[in-house]
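Report on the following structure.
We count residues from 1, following the sequence as given. All values below come from the heavy atoms of this structure, side chains included, with hydrogens, waters and symmetry mates left out.
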Amino acid sequence: MRRVTYGAACSLDGFIAGNNGEIDWLQSSRDVNEIMRDYWKSVDAILMGRKTWDQAVRMGGGMGGLSKIGTYVFSRTLNSLDAKGAEVVRGDAGAFVRDLKQRAGKDICLMGGGDFARSLFEANVVDEVGMNVHPVLLGAGVPMFLDPSHRVGLELVTSRVIDGGCVYSMYRVRH
């Protein structure tokens, strides 16, 4: 069965963006580029909420070079998207992802955070959590995690220090 991985870069205090969506504190490095290059080879589908989609469009026109990867944008307000390979999903996100996991294909990337990630944790369809923790305290902003309405047990798979004093960790969700 395909795995759904929720991954993000976050501040040490758990935010994926500042109060106004700013991400100027993110550090890019050779290590990050290597991790991401290997990761993108393992997935063929991206899940994101409308807010993350809107941010991606503002940053450069959607998913750009990832257009060969199927993109599913979950929204109650959008009717269509003007992007090749992207599809709006208006129904129950958990049911859709459970079905998608049963289909043939590579693993699935859960991109973004906040409300949409919470809904998939609530539906118990997230299998892994990857975090690139940056050495900065933002104090406020967009949290990586919101209350999933139940405890989510995790098992550490790997953790290592990477360039810039960041710590990359991967956890398996204990279903």
Side-chain angles (χ1 to χ4, degrees), residues 1-10 14 16-17 31-56 62-81 83-133 142-160 162 166-175:
M1 183 179 345
R2 299 165 80 180
R3 294 175 299 186
V4 173
T5 300
Y6 174 45
C10 65
I16 60 175
D31 284 343
V32 169
N33 292 338
E34 180 182 309
I35 290 166
M36 294 310 298
R37 183 182 64 246
D38 291 344
Y39 177 70
W40 287 122
K41 291 177 187 175
S42 73
V43 300
D44 65 1
I46 297 172
L47 312 172
M48 66 177 72
R50 186 207 38 89
K51 293 177 197 172
T52 301
W53 174 260
D54 290 347
Q55 180 72 10
M63 297 315 295
L66 300 177
S67 61
K68 293 180 182 176
I69 296 177
T71 302
Y72 301 94
V73 180
F74 293 77
S75 175
R76 292 181 192 93
T77 58
L78 292 174
N79 291 315
S80 64
L81 299 170
K84 185 177 181 178
E87 174 183 329
V88 175
V89 179
R90 296 179 57 92
D92 179 279
F96 180 89
V97 173
R98 267 189 286 287
D99 178 64
L100 185 62
K101 288 173 69 169
Q102 297 299 321
R103 298 180 201 169
K106 295 180 179 181
D107 288 338
I108 302 164
C109 171
L110 166 53
M111 187 175 282
D115 293 322
F116 181 56
R118 173 183 43 203
S119 73
L120 295 185
F121 277 107
E122 285 177 346
N124 202 30
V125 295
V126 178
D127 302 297
E128 297 177 330
V129 176
M131 301 172 66
N132 177 6
V133 180
V142 179
M144 183 164 177
F145 299 102
L146 295 173
D147 180 8
S149 76
H150 66 278
R151 186 173 292 170
V152 177
L154 303 172
E155 176 184 350
L156 181 65
V157 174
T158 186
S159 185
R160 66 183 176 120
I162 61 175
C166 298
V167 177
Y168 172 74
S169 300
M170 179 64 73
Y171 295 87
R172 184 175 305 119
V173 175
R174 292 182 177 165
H175 291 290

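Rounding to the nearest 0.5 angstrom, the gap separating the CZ atom in Phe145 from the CD1 atom in Ile16 is 9.5 Å. Atom CZ of Arg118 is separated from atom OG of Ser149 by 9.0 Å, given to the nearest 0.5 angstrom. The structure places CG of Leu110 at 10.5 Å from CD1 of Ile46, a figure rounded to the nearest 0.5 Å. The structure places CD of Glu128 at 11.0 Å from CG of Leu154, a figure rounded to the nearest 0.5 Å. From Arg172, atom CZ reaches atom OG1 of Thr158 across 11.0 Å, with rounding to the nearest 0.5 Å. Here Ile162 contributes atom CD1 and Ile35 contributes atom CD1; the two are 4.5 Å apart, rounded to the nearest 0.5 Å.
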Verdict with supporting geometry, Tyr39 and Thr5, side chain to side chain contact (heavy atoms under 4.5 Å, CB included)
CA-CA 10 Å; Tyr39 177 70; Thr5 300; 3.8 Å; yes
Assess the residue pair Leu81 and Trp53 against the criterion (side chain to side chain contact (heavy atoms under 4.5 Å, CB included)); give the C-alpha distance rounded to whole Å, side-chain angles, the decisive distance to 0.1 Å, and a yes or no.
CA-CA 10 Å; Leu81 299 170; Trp53 174 260; 3.4 Å; yes
Could you check Asn79 against Val88 for side chain to side chain contact (heavy atoms under 4.5 Å, CB included), going step by step and ending with a plain yes or no?
CA-CA 7 Å; Asn79 291 315; Val88 175; over 6 Å; no
Would you please test Asn33 and Met36 for side chain to side chain contact (heavy atoms under 4.5 Å, CB included) and show each step?
CA-CA 5 Å; Asn33 292 338; Met36 294 310 298; 5.9 Å; no
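With Arg98 contributing its side chain and Ala123 its backbone, the two residues share a donor-acceptor pair below 3.5 Å.
Nearest heavy atoms, Cys10 versus Met131: SG-CE, 3.6 Å. Heavy atoms only, all atoms of each residue included: Val125 and Lys101 are closest at O-NZ, 3.2 Å. Contact record, Ile69 with Ala45: CG2-N, 3.4 Å, taken as the closest heavy-atom pair. Residues Arg90 and Thr77 share a closest heavy-atom pair of NH1-C, 3.8 Å. Here the shortest heavy-atom pairing between Phe96 and Arg103 reads CE1-NH2, 4.2 Å. The heavy-atom pair separating Ser169 from Ser159 by the smallest distance is OG-OG, 2.8 Å.
For the side chain to side chain contact (heavy atoms under 4.5 Å, CB included) test with Arg2, the passing option among Asp127, Val97, Leu100 is Leu100; the others fail.
A salt bridge does not link Asp54 to Lys51: none of the charged side-chain nitrogens sits closer than 4.0 Å to a carboxylate oxygen.
Side-chain contact between Asp115 and Leu146 is present, with heavy atoms from C-beta onward closer than 4.5 Å. In this structure the side chain of Thr52 never reaches within 4.5 angstrom of the side chain of Phe116, judged on heavy atoms.
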